[in-house]
Amino acid sequence: MAVISLRLGFVAPPYPRTSSGRFASSCRAAASAGGGPPRPITVSGDPPNVVSAPGRRIVAIGDVHGDLSQTRAALVLAGVLSAESDGHVWTGGRTVLVQVGDILDRGKDEIAILSLLSSLNVQAKSQGGAVFQVNGNHETMNVEGDFRYADQGGFDECIRFFEYLDECDGNWDDAFLSWVNVTERRKKEYRASPWNFVKKQKGFAARSLLFKRGGPLACELARHPVVLKINDWIFCHGGLLPHHVEYGIERMNREVSMWMKSSGEDSDDGTDNPFIATRGYDSVVWSRLYSQDSAERTRRALMLSSIIAEETLKSVGAKGMVVGHTPQIHGVNCKCDGKVWCIDVGMSYGVLYSRPEVLEIVNDRPRVLKKQRDSYDEMEVLDYL
């Protein structure tokens, strides 16, 4: 097997790290900037389980699958990233941004997107805002070593990142947080060579070292939950169901996190991957009960999913749920009698390469933001009453 030339004496990410543009309308600006000293955002749990963000504007983006360009476009659309600056500047003020999982696979800039969101979180917290991520099925698959959906460019990025980490003297935080600002330059400097067996093995080895249980990127993912409640809204990748609530949201988040950041070398360490959260058709990261195309379901199935959604939300004291996982060919929409918002539009070039769309929630009122077809600068706002 090919050997990667790098120093493994990097400074592992300390655990836990503190977790805690122009807008299209005056109400968005007011919700973001506020008219006086805001009450602080409070985060409960490690990883986060419950977030209280009084008076904050919330924006949520769906699956991005390694497409940095589309991720940037979605963040600019949401009003939290400067369109003019190359320095990836947070412009969201007190806004709370949530990404609902599946950053990994199908694209070539996965680490850069993780770096971007972490960098924006640091900036957002200094302005009274915050950035949260929820792990999806592709995050858990990579920690398991399942790279079936990894793009060739994704393997190349792992090699380039390891070289950059080495140049940063193994300082993980310095390398990780700055990676998004150097990634394009590193691509140009990276010597192009045919994708042969040796290079493939080198890329596989680099990815394995980064994402294996206890590896540096696995530890980064371990900071994030699989279910997160912000104010009166639930955010998860696949869908929260009654048996998940009975099992315990905090318990699921804790067990997935511990599984990711433990080395797994000791079979008796009690950190097996919790099936209820990450495996099976009805697990939190895999369920499509709420997000499946309505045209493919019977009326009885639609009624049942609506009843289950209502029961679940009532049990956790929430008003609505936001999920990704299943590409919505007609764009962001609500299902289950308006209780569940499905925000995966397949924006990545590795999926549908559709126009980015963003869900915005202000004062518990959700609406969809998306670009006009004939204009990059203007936005179309769809209100759901």
Side-chain angles (χ1 to χ4, degrees), residues 13 17 19 47-48 59-78 80-81 88 97-121 124 130-158 160-161 176-177 179-180 183 207 210-211 215-228 235-238 256-257 260 278 284-286 322-327 343-354 356-359:
R17 184 185 294 140
S19 59
V59 290
I61 62 175
D63 308 30
V64 295
H65 280 301
D67 193 325
L68 181 59
S69 177
Q70 289 285 74
T71 302
R72 286 173 176 147
L75 295 173
V76 171
L77 178 64
V80 298
L81 180 68
H88 300 102
L97 167 68
V98 189
Q99 197 284 323
V100 295
D102 277 11
I103 291 172
L104 302 182
D105 290 335
R106 306 187 191 279
K108 59 185 178 181
D109 290 302
E110 304 151 290
I111 304 174
I113 296 172
L114 292 171
S115 170
L116 172 59
L117 293 178
S118 294
S119 175
L120 290 178
N121 185 40
V131 177
F132 294 98
Q133 297 169 232
V134 174
N135 285 320
N137 60 303
H138 282 267
E139 281 70 52
T140 61
M141 288 168 67
N142 273 267
V143 176
E144 287 184 292
D146 185 347
F147 302 150
R148 284 177 294 166
Y149 301 99
D151 187 84
Q152 174 182 323
F155 286 108
D156 285 343
E157 187 191 24
C158 291
R160 293 194 305 273
F161 179 74
F176 181 63
L177 292 175
W179 177 245
V180 68
T183 185
R207 192 175 187 91
L210 288 168
F211 284 105
L217 281 181
C219 287
E220 288 293 337
L221 296 176
R223 305 182 195 283
H224 310 303
V226 291
V227 181
L228 180 65
F235 296 86
C236 56
H237 184 66
V256 173
S257 178
M260 286 182 166
T278 63
V284 171
V285 301
W286 280 100
V322 180
V323 302
H325 191 41
T326 306
I343 66 171
D344 176 15
V345 296
M347 71 177 79
S348 170
Y349 69 84
V351 186
L352 300 178
Y353 203 34
S354 62
E357 297 186 15
V358 175
L359 182 67

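- With a 6.0 Å radius and a threshold of 12 heavy atoms from other residues, nucleotides or ligands, F147 has its CZ atom above the threshold.
- Counting only distance, with no hydrogens or angles, the side chain of N121 and the backbone of A130 share no donor-acceptor pair below 3.5 Å.
- For the atom pair L120 CG and L116 CG, the distance stands at 4.5 Å (nearest 0.5 Å).
- Separating the CZ atom in R148 from the CG atom in D105 is a distance of 9.5 Å, to the nearest 0.5 Å.
- A distance of 8.0 Å separates CG of N142 from CG of L221, quoted to the nearest 0.5 Å.
- Looking at V100 and I61, their side chains never come closer than 4.5 Å, going by heavy atoms from C-beta outward.
- In terms of heavy atoms, A112 sits closest to L68 at CB-CD2, 4.0 Å.
- Centroid-to-centroid, the aromatic rings of Y149 and H138 come within less than 6.0 Å.
- Of the candidates D63, D102, V284, T278, D102 is the only one forming a side chain to side chain contact (heavy atoms under 4.5 Å, CB included) with N137.
- A heavy-atom distance below 4.5 Å is not found between the side chains of F211 and M141.
- In terms of modelled atom types and a separation under 3.5 Å, the side chain of Q99 and the main chain of A60 share no donor-acceptor contact.
- Atoms CZ and CG, from F176 and L217 in turn, are 6.0 Å apart once rounded to the nearest 0.5 Å.
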Report all side-chain donor-acceptor pairs from residues 345-353 shorter than 3.5 Å, counting only partners two or more places apart or in another chain.
residue: S348; atom: OG; partner: H65; partner atom: O; Å: 3.0
residue: S348; atom: OG; partner: G350; partner atom: N; Å: 3.0
residue: Y349; atom: OH; partner: K108; partner atom: N; Å: 3.1

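- The distance from the CD1 atom of I103 to the CD1 atom of I113 is 6.5 Å, given to the nearest 0.5 Å.
- Listed by first then second residue, pairs satisfying salt bridge (Lys or Arg N to Asp or Glu O under 4.0 Å) with a partner in residues 109-121 read D109-K187, E110-R207, not counting sequence neighbours.
- Side-chain N or O atoms of S118 include none that pairs as donor or acceptor with a backbone N or O of L177 at under 3.5 Å.
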